[in-house]
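Let me begin by presenting the structure, written as C-alpha cells, before commenting on it.
All residue numbers in this chain count up from 1 along the given sequence. Counting starts at 1 for both ligands and their atoms, following the listed order.
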Amino acid sequence: MNATLQAWVDSCAAMTKPDQVVWCDGSEQENERLIAEMVGAGTLEPLNPKKYPNSFLHRSNPNDVARTEHLTFICPSKPEDAGPTNNWMAPADAKAQLSALYAGCMKGRTMYVVPYCMGPLGSPLSKIGVEITDSPYVVANMRIMTRMGQAALDQLGGSDDFCRGLHSLGDLSPDRRFICHFPDTREIWSIGSGYGGNALLGKKCFALRIASVQGRDEMWMAEHMLLLGIESPEGETSYVAAAFPSACGKTNLAMLVPPESQQKQGWKVWTIGDDIAWMRKGPDGRLWAINPEAGFFGVAPGTSMKTNPNAMLTFNRNSIFTNVAVTDDGCPWWEGMGGDPPAHATDWQGRSWTPESKDKAAHPNSRYTTPASQCPSIHPKFDDPQGVPISAILFGGRRARTAPLVYESFDWNHGVFVGSAMASETTAAQTGAVGVVRRDPMAMLPFCGYNMGDYWKHWLKMGEHVPTMPKVFHVNWFRTDENGKFIWPGYGENVRVLRWIVERCKNGKGNTQAAETPIGFVPHSADIDAEGLPIDKKTVEGLLSVDREVWKGEAEQVGTFHQEFGAKLPAELPKQLDALKKRLG
Ligand code: GTP
Ligand code: SPV
Ligand code: MN
C-alpha cells in the first residue's frame, strides 16, 4: 500500500463523507458492475446491441455540456504566475471556498478512487494520476481514456509522484462549479460539473494544465496537439504534430483517409493521437512525442462515413455517447452523420424530435468516448514507450479570411511567433458565444497552466535545447467565400497539404518549391497536387493568397495582444513582430 496515496484518499473521504470508498482496478467485471448500476439508475441507456454492441448513451444536465472557462482557475501563490489569460485565485482562498462545497458532498454516494497512467505503461515519458470522483460515468470514461486501474497503481509503487485530482458532481449548479488547479502541489479540485474536460481530470486538467508546468520545470512540452504519421508511396513515414483549438479539426486530421486519387498513388495516414501530445528531446537530438491518452473524446456532429470513416469504425462498439440524439431503433444520431435524417428520434435532452423540429437533435458539442485501440488507422507505435520523432508542427484555426491554406515559418523562433499570434473563431466546445475571433496561442489559451509569456519563453528555450527541431507551419481549412461557405473541401483532401509539408521537411531535398511572402513560405499552386480535386486551380491560388492590407491589421492586433503580457513577454516576440511589419511594408 502506498502510504501517501492512502493518507490523501482518507483526507478526501473525511471531507466529503461518502457512504463507501471503492478502489478501481480497471477490470472487466468492475466495469460491467458499474455499467449495470448506471443503467439501473438511468445514467446510461444501452444502445442497439447489434449495431453498437456494449455501447451506451449518457445525457448530461443541460446546463453542463461543455468546458466552462470562466469557472476554471489556475492557483499558484503569485497571480503573475497565472498570467493575464488565466483566472487566478490564491491557493488558500480557493481551498477554503471549495472545502465548504466539498464538505459532506458525497453523503449517500460512493467515492471511487481511480489510479491512471497518462502515456504508455512503462514509458519514461508517462506520468501517474489518481482521480477521486463520485461519478461512475467519470470512472467509465476514464477507463476508456487512460490506462486505468491496477496497472497504474503498480507503476506508481510507493512513489508520491502522482497528480492528485479530487472531483465531485456536487449539485451540478453552475453557481457552485469550480475547476481549480494548484500547479505548485500538482493538485486539481473540480466540483459541480460532470462534463468531459471539467470532470475527466486526466485530460485537460492534468495532461495539459498541470503537465505544462511540469514540462516547463523538466524541459519538455505538454501540448494541445494531435499526432499522425503520413506514409509516402516509398513506404517512408513522417510524423506530424498539430495544434488546433477545440473543435477545429484535430480528430479529423489525425484519422484522415486520403481520397481515392491519393490512395492510388500510395499515400496513407496513421493515427497516434487526436488531442494531446507530450514531447521531449530524444537521444538523436530530435523532438519525440507520445500520446498520453488511451481513447478519443471526439466531437460527434459532422462525423460521417464521408468525413471521418475511421472514427465511425472506431466507436461502433464499446463506446459511450454523450448528448447525441438516439433513433427509435437505439442508434446514436447527430447532424452531419450522412444519409437522410430519421423520421423520428429522441433528442439530446430526451425530447421527441422530427426533422421539422426547430432545435438540433444532438448538442453541437455532443461527443463519443471510444478506445484508440479500435481505430482502423491506429499506428503500431501508438503504444511505443519511446513515442515517434516529429518532423513538422502545425498551427491552425478557423479563420474566414486572413490566413492562407498553408504557410511555413522561416525558422523555429519565427514559428514560435506564428503560434503566439494564432487566432480562431470560438466553437461550441466551451460555453459562451460561438464564431467570435479570439487569440488562442498554440491552441493553449484555455489549457496553459502558467503565464503564457513564460510559456513562450519555454518554447524559445526548447528551440535551443533540442538540436533538430521540427519545421513549423500554419494551416487554415476554414476560409469562406462571400456566401460564408468553406472554399477548401477539407477532410481527406487535407492530405494534399500534408504532402507539401513533409516534402518541405526534407530540407531542400524535397520536390516542392515555395514563394517567399511577408508572413512565410507559401506553396506555388502547382505544388499542391490537384488531381481529382473538386475545386479549380484559380480557387487554389485564391486560397494561397496573402493580402498585405489585411495582414497589416492583423499585425496591429497581435501587437496589442502581446502587450497584455508586459514584462513577461519575451523580447524575441516584439522583434519578430517588427520584422513582420517591415516585410509587409
Ligand atoms: P476537440 O475534441 O474539441 O479538441 O476538437 P478537434 O480539434 O478534435 O475537432 P474535430 O476534428 O472534432 O472537428 C470539429 C468540427 O470541425 C467537426 O464538426 C468537423 O466536422 C469539422 N471539421 C474538421 N475538419 C474539417 C475540415 O477539414 N474542413 C471543414 N470544413 N470542417 C472540418
Ligand atoms: C476540447 O474542448 O478541447 C476537448 C474536449 O477536447 S474536453 O475534454 O472537454 O476538453
Ligand atoms: Mn481538445
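- Using a 4.0 Å cut-off between heavy atoms, Leu226 makes no contact with ligand 1 at all.
- For atom 1 (P) of ligand 1, the nearest protein heavy atom (residue, atom name, distance) is Ala247 N, 3.4 Å.
- Distances below 4.0 Å separate heavy atoms of His224 from the following atoms of ligand 2: 3 (O).
- With no hydrogens or angles considered, no side-chain donor-acceptor pair links His458 and Tyr450 at under 3.5 Å.
- Taking 4.0 Å as the cut-off, Asn494 counts as a neighbour of ligand 1 on heavy-atom distance.
- Ring geometry for Phe182 against Trp189 counts as perpendicular: the plane angle is over 60°, on a 0 to 90° scale with 30° as the lower cut.
- Side-chain atoms of Thr271 and Ser377 include a donor-acceptor pair closer than 3.5 Å.
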Stepwise side-chain hydrogen bond (donor to acceptor under 3.5 Å, both in side chains) test for Thr322 and Tyr137: CA-CA 10 Å; Thr322 301; Tyr137 165 81; 2.6 Å; yes
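- Figure legend: cation-pi geometry between Lys250 and Phe244 absent, as NZ or CZ is not positioned both under 6.0 Å from the six-membered ring centre and within 45° of its axis.
- Asp359 and Gln349 share no donor-acceptor pair across their side chains, judged by distance under 3.5 Å alone.
- Under a 4.0 angstrom heavy-atom cut-off, His224 registers as being in contact with ligand 1.
- Looking from atom 9 (O) of ligand 1 to the surrounding protein, the closest heavy atom is Gly249 N, 2.9 Å.
- Using a 4.0 Å cutoff on heavy atoms, Gly336 does not count as a contact of ligand 1.
- Applying the salt bridge (Lys or Arg N to Asp or Glu O under 4.0 Å) test between Asp529 and each of Lys264, Lys537, Arg499 identifies Arg499 as the sole match.
- For the pair Arg504 and Phe473, the cation does not sit on the ring face, since its NZ or CZ is not both under 6.0 Å from the ring centre and inside 45° of the axis.
- Considering Arg367, Gln430, Lys250, Lys203 only, the shortest heavy-atom separation from atom 3 (O) of ligand 1 involves Arg367.
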Step-by-step side chain to side chain contact (heavy atoms under 4.5 Å, CB included) determination, Ser357 to Asp347: CA-CA 10 Å; Ser357 301; Asp347 80 0; over 6 Å; no
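- Looking from atom 17 (C) of ligand 1 to the surrounding protein, the closest heavy atom is Pro301 O, 3.9 Å.
- With a heavy-atom cut-off of 4.0 Å, Ser246 touches ligand 1 through backbone and side chain alike.
- A heavy-atom separation below 4.0 Å is not found between Lys250 and ligand 2.
- In this structure, Ser168 contributes its side chain and Gly170 its backbone to a donor-acceptor pair below 3.5 Å.
- In terms of protein heavy-atom proximity, atom 15 (C) of ligand 1 is nearest to Arg398 NH2, 3.5 Å.
- For atom 29 (C) of ligand 1, the closest non-hydrogen atom on the protein side is Phe478 CE2, 3.6 Å.
- Atom OD1 is the N/O/S atom of Asp275 found closest to the Mn ion (ligand 3).
- By the 30° and 60° cut-offs, the orientation of the rings of Phe561 relative to Trp456 is perpendicular.
- Those atoms of ligand 1 with a heavy atom of Pro245 less than 4.0 angstrom away are 7 (O).
- Against a heavy-atom cut-off of under 4.0 Å, Asp275 is close to the following atoms of ligand 1: 4 (O).
- Close approach of ligand 2 to Ala429 (heavy-atom distance below 4.0 Å) involves ligand atoms 2 (O).
- Atoms of ligand 2 lying under 4.0 Å from at least one heavy atom of Lys203, given by number and element, are 6 (O), 8 (O).
- Of the protein's heavy atoms, Lys204 NZ, 2.7 Å lies nearest to atom 6 (O) of ligand 2.
- Looking at Asn198 against ligand 2, nothing comes within 4.0 Å, counting heavy atoms.
- Under the 6.0 Å cut-off for aromatic ring centres, Phe321 and Phe315 qualify, their centroids lying closer than that.
- Nearest to atom 30 (N) of ligand 1 among the protein's heavy atoms is Phe486 CD1, 3.3 Å.
- Less than 4.0 angstrom separates some heavy atom of Tyr195 from each of these atoms of ligand 2: 9 (O).
- For atom 7 (S) of ligand 2, the nearest non-hydrogen atom of the protein is Gly197 N, 3.5 Å.
- Relative orientation of the Tyr407 and His474 rings is parallel, given thresholds of 30° and 60° on the angle between their planes.
- Of the protein's heavy atoms, Tyr491 OH, 3.4 Å lies nearest to atom 22 (N) of ligand 1.
- Judged purely by distance below 3.5 Å, without hydrogens or angles, the side chains of Glu231 and Trp270 pair a donor atom with an acceptor atom.
- If you check which protein heavy atom lies closest to atom 11 (O) of ligand 1, you get Asn252 ND2, 2.8 Å.
- For Phe447, every heavy-atom contact with ligand 2 shorter than 4.0 Å involves the side chain, none the backbone.
- Put simply, the residue from Asn310, Asp275, Asn308, Asp274 that forms a side chain to side chain donor-acceptor pair (under 3.5 Å) with Thr251 is Asp274.
- Heavy-atom separations between Gln430 and ligand 2 are all 4.0 Å or longer.
- Using a 3.5 Å distance cut-off with no hydrogens or angles, the side chains of Gln214 and Trp278 do not pair a donor with an acceptor.
- Heavy-atom proximity to Ser246, at under 4.0 Å, picks out these atoms of ligand 2: 1 (C), 2 (O), 3 (O).
- Screening Arg177, Arg209, Arg438 against Glu69 for a salt bridge (Lys or Arg N to Asp or Glu O under 4.0 Å) leaves a single residue, Arg438.
- The atom name of the N/O/S atom in His224 closest to the Mn ion (ligand 3) is NE2.
- Listed by number with element, the atoms of ligand 2 under 4.0 Å from a non-hydrogen atom of Asp275 are 6 (O).
- Using cut-offs of 30° and 60° on the angle between ring planes, the pair Trp353 and Trp333 is tilted.
- Counting backbone and side-chain atoms alike, Lys204 contributes an N/O/S atom closer than 2.8 Å to the Mn ion (ligand 3).
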